[in-house]
Amino acid sequence: MSETLFERIISRQIPADIVFENEELLAFRDINPQAPVHVLVIPKRVVARIGEAQSGDQELLGSLLLAAAQIARQLGLAESGYRLVINNGPDGGETVPHLHCHILGGRSLGWPPG
Ligand code: 5GP
């Protein structure tokens, strides 16, 4: 399978504004922000989308969500609040087939999503 855009960000072939990195995860600012703070948290290991995650991914998924909350805190969103979003498939609005959790904050977000 050919490399996804996000694999190219992980390997630094494509630049990104990285806000967090550890052995298993990378977080960087979205190129087309939908809120004053818009960060993507991704696993370095490829999982195409949440709908294809396996039981063996349980620990990684837990780490992803905990890191997202920690990054949101570091970016000053803890008190004002924020939203975590995982888009899955065409109707979900997924455009990059590499699992990612959006952190959106810095403004009041409408509900339900359009
Ligand atoms: P999805 O629509 O798959 O849930 O989210 C993919 C996200 O990746 C979009 O919000 C889009 O703006 C972002 N994105 C696409 N290409 C790039 C890029 O080259 N760099 C960064 N930082 N974000 C990107």
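Both counts, for ligands and for their atoms, begin at 1 and track the order of listing. Heavy-atom basis, side chains included; hydrogens, waters and symmetry copies ignored.
For atom 22 (N) of ligand 1, the closest non-hydrogen atom of the protein is R29 O, 2.9 Å. Looking only at protein heavy atoms, the nearest one to atom 11 (C) of ligand 1 is D30 OD1, 3.4 Å. In terms of protein heavy-atom proximity, atom 5 (O) of ligand 1 is nearest to H100 NE2, 2.9 Å. Protein heavy atom at the shortest distance from atom 15 (C) of ligand 1 is L5 CD2, 3.8 Å.
Atom CD1 of I14 sits about 11.0 Å away from atom CD1 of I10, to the nearest 0.5 Å.
Tested against K44 for a side chain to side chain donor-acceptor pair (under 3.5 Å), the candidates E24, E7, E21, E23 yield a single pass: E21. Applying the side chain to side chain contact (heavy atoms under 4.5 Å, CB included) test between V19 and each of V41, L26, I71 identifies I71 as the sole match.
Every atom of ligand 1 with a heavy atom of H102 under 4.0 Å away is listed here by number and element: 1 (P), 4 (O), 5 (O), 10 (O). Each of the following atoms of ligand 1 lies closer than 4.0 Å to a heavy atom of T95: 1 (P), 2 (O), 3 (O), 5 (O), 6 (C). Contact atoms of ligand 1 toward F6: 8 (O) (distance under 4.0 Å to a heavy atom of the residue). For ligand 1, the atoms lying closer than 4.0 Å to a non-hydrogen atom of V96 are 3 (O), 6 (C). Close contacts of ligand 1 with N32, meaning ligand atoms under 4.0 Å from a residue heavy atom, involve 12 (O). Those atoms of ligand 1 that come under 4.0 Å of a heavy atom in E94, given as number and element, are 3 (O).
Around atom 24 (C) of ligand 1, the closest heavy atom drawn from I9, I18, I42, I31 belongs to I31.
Relative ring orientation between H102 and H38 is described as tilted, the plane-to-plane angle lying within the 30° to 60° band.
Closest approach of I103 to A68, counting heavy atoms only: CD1-O, 3.5 Å. Nearest approach of G76 to S80, heavy atoms of both residues: O-OG, 4.1 Å.
Residues D17 and I31 form no side-chain contact, since every pair of their non-hydrogen atoms from C-beta on lies 4.5 Å or further apart. Looking at W111 and R83, their side chains come closer than 4.5 Å, going by heavy atoms from C-beta outward.
If you look at V85 next to ligand 1, there are no close heavy atoms at all, none under 4.0 Å.
Residue G93 places a heavy atom less than 4.0 Å from ligand 1. Put simply, no part of Q34 is less than 4.0 Å from ligand 1, judged by heavy atoms.
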Exercise for the section: Check the pair V46, F6 against side chain to side chain contact (heavy atoms under 4.5 Å, CB included), reporting the backbone distance first and the verdict last. Expected result: CA-CA 9 Å; V46 179; F6 289 172; over 6 Å; no

